[in-house]
Amino acid sequence: MQKTINSTEFRKMVASGARMLEINRAKVDSLNVFPVPDGDTGTNMSLTMQSAIKEMNACSSNRFQEICDAVAKGALKGARGNSGVISSQIFRGICSVLKDTKDSFDTKTFAKAMEAGTKVAYSAVSIPKEGTILTVVRLMSESASKLASKNKDFVDFFNALIAVGDEALAQTPELLPVLKKAGVVDSGGVGLMTIMRGFLAAITGEEIDADSIPTEASDSGKSDEAAFGDNSDIINLDLGDIEFAYCTEFFIIHLKQMTTLADIDKLKEKLMSIGDSVICIGDLELVKVHVHTNTPGIALSYALELGELDRLKIENMLEENRALKAKLEAEKKEMGMLAICAGKGLEEIFKDLMCDRVIEGGQTMNPSAQDIADAVQKINASNVFVFPNNSNVILAAEQAKALVNNRTIHVIPTKNVPQGFAAALSFNPEESVSENKTNMIHAIDNVASGQVTYAVRNTTMNGFKLKEGDIIGLDNKRILAKGDNVEETTLKLIKALKNDEHEMITLYYGEGVTEEQAAALVEKIGEAFPDCEADCHFGGQPVYYYMVSLE
């Protein structure tokens, strides 16, 4: 019987949950409301968890405070898509309770952590929707306290908690009609239950394949030299005030005979107490050290306790920081724009519309909150308008606001690329931030748009009986057309979207569609809708044969 969980066991639980999710992410991806090949909930949640694991494994301390802070921070930095963002907030709430644990926690404490996770997750969503991952975590947390009172053993507790979660998951189609029509349960809820089963596996000792996700801290492919003093990250533009002034690096050679590997670990802990950006790696032959600190002399004295110093370098980072800040401040502008899209052609169009940066993202590849924040930081502007161009990216863009310094993010809730183009076109550098924001929001209201793709399973939805492989046309909410070929379906979709006020029809053709095919379709559109001008542009987007815009 296991009545308590210590910090090492908690690490194993989080890692096991992430591994279980990674193994099953394709199954979670397949639970898509629309029967199209763009399900990405499992991928988004798995990447969110992997980011949490990376931060956790980079944490050298085994105290609950540091471990929980690392897990919460990593999950937020890696949060992708709506389910990924909500998952990160669930873990943030759980960790806010467990971080106060001294040696170990029991089932009652974990029940309180679940309650906190639910509260934080609900608060992250402006209009919480039942029938989603939120419902599953809420119903589990509501039962957790009672289950903890009856079950002191964590195995019994988690088995009972998972049973409640599975029952809640089964109810999601009844709470969200769109799930019932599609014949699926909520994919985010499935992802959460997969993580919970991973927690249980860690406690019972069940073996899970650990090769599918990183289990050690990664340096993202940077060399040791890059980690020791490379200034390439200065393009982040977020210079701020330097807390530690001196970049100090050196080697320890000819280590003293009594020095042990444990002494090297202790040196790293000492350096972390006087600075940051600490790297202390090596063996009893050679140790490489790097630290940013205000007291390089103390760092050197700690190292001299182990051996001799070699290739010592101390650089004053304050002076370089002052010069760069002055230059960037002089060049700073009031407003900038960031667009998110998938497809080389779409990216080039956004750049032609004077977007400062374009990052890759969309269906199947939602950028994380940290990805968006990092891109914003690279725009030298006080205010940055962000065009998510996908309904599943909007929440991550909103979460990015908390990760950005010295800039204000204004999320323009564009749900597709044509709306993003309309928003960017309405930008006027001569007008104020508030005027531009108002104009952008009005601009996206005047765009009707849709996409053409193919069905990936047999189902009935929005009055259409679909077979796998059918060509379908849809807008952001519903399927509007189906046909045997792409051209026929595109024409049907345009007819469903069009009203008397539309004067321009634009196609953006994606992967697998040639320029000649798009041009031929434009001619047919001109014949079918003579009251409108028709045009096409290369988009290069995956998944969708065409994106259609009517204005």
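One-based numbering along the sequence shown. In what follows, every heavy atom counts, from backbone to side chain, and hydrogens, waters and symmetry copies are set aside.
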Trainee: Just say parallel, tilted or perpendicular for the rings of F105 and F110, cut-offs at 30° and 60°.
Mentor: parallel
Trainee: Apply salt bridge (charged side-chain N to carboxylate O under 4.0 Å, His left out) to the pair E347 and K351, showing each step before the final yes or no.
Mentor: CA-CA 6 Å; E347 177 183 344; K351 289 180 178 178; 3.0 Å; yes
Trainee: Is there a donor-acceptor contact under 3.5 Å linking the side chains of N446 and E551?
Mentor: no
Trainee: May I ask you to check whether T414 and N389 show a side-chain donor-acceptor distance below 3.5 Å?
Mentor: yes
Trainee: Within the side chain of N6, is there an N or O that forms a donor-acceptor pair under 3.5 Å with the backbone of S104?
Mentor: no
Trainee: What distance separates S16 OG from M196 CE, expressed to the nearest 0.5 Å?
Mentor: 11.5 Å
Trainee: Can a side-chain donor-acceptor contact be found between T43 and D29 if the only test is distance below 3.5 angstrom?
Mentor: yes
Trainee: Please check if any side-chain donor atom of N24 sits under 3.5 Å from a side-chain acceptor atom of R197, or the reverse.
Mentor: no
Trainee: Which atom names give the shortest non-hydrogen contact between V85 and S88, and what distance separates them?
Mentor: O-OG, 2.6 Å
Trainee: Please list all pairs meeting salt bridge (Lys or Arg N to Asp or Glu O under 4.0 Å) that have one or both residues in residues 72-85, counting only residues at least two apart or in different chains.
Mentor: E55-K77, R80-D371
Trainee: Are S449 and D475 close enough that a side-chain donor and a side-chain acceptor fall under 3.5 Å?
Mentor: no
Trainee: Ignoring hydrogens and angles, write down the donor-acceptor pairs under 3.5 Å from the side chains of residues 417-424, residues two or more places apart or on other chains.
Mentor:
from : atom 1 : to   : atom 2 : distance (Å)
Q419 : OE1    : K415 : N      : 2.7

Trainee: Strictly below 4.0 Å, N to O, side chains only: are K333 and D356 in salt-bridge contact?
Mentor: yes
Trainee: Looking at D186, is its backbone amide N or carbonyl O close enough to the side chain of T172 to form a donor-acceptor pair, meaning the two atoms are under 3.5 Å apart?
Mentor: yes
Trainee: Are E130 and R138 ion-paired here, with the side-chain N under 4.0 Å from a carboxylate O?
Mentor: yes
Trainee: Where do S83 and N44 land on the side-chain hydrogen bond (donor to acceptor under 3.5 Å, both in side chains) test, with the steps shown first?
Mentor: CA-CA 7 Å; S83 293; N44 287 336; over 6 Å; no
Trainee: Rounded to the nearest 0.5 Å, how far apart are CG of L474 and CG of L497?
Mentor: 9.5 Å
Trainee: Please determine whether a side-chain nitrogen of the Lys or Arg among E66 and R63 lies less than 4.0 Å from a carboxylate oxygen of the Asp or Glu.
Mentor: yes
Trainee: If I compare all heavy atoms of I5 with all of F64, which pair ends up nearest, and what's the gap?
Mentor: O-CZ, 3.7 Å
Trainee: Using only atom types and a distance under 3.5 Å, with no angle test, would you say the side chain of T453 pairs donor to acceptor with the backbone of V543?
Mentor: yes
Trainee: Is it the case that over 12 heavy atoms from other parts of the model lie below 6.0 angstrom from the CD atom of E334?
Mentor: yes
Trainee: Less than 4.0 Å between a side-chain N and a carboxylate O, is that true for D40 and R25?
Mentor: no
Trainee: Decide whether E511 and Q541 meet the rule of one side-chain donor and one side-chain acceptor closer than 3.5 Å.
Mentor: no
Trainee: Side chain of Q370, backbone of L403: donor and acceptor closer than 3.5 Å?
Mentor: no
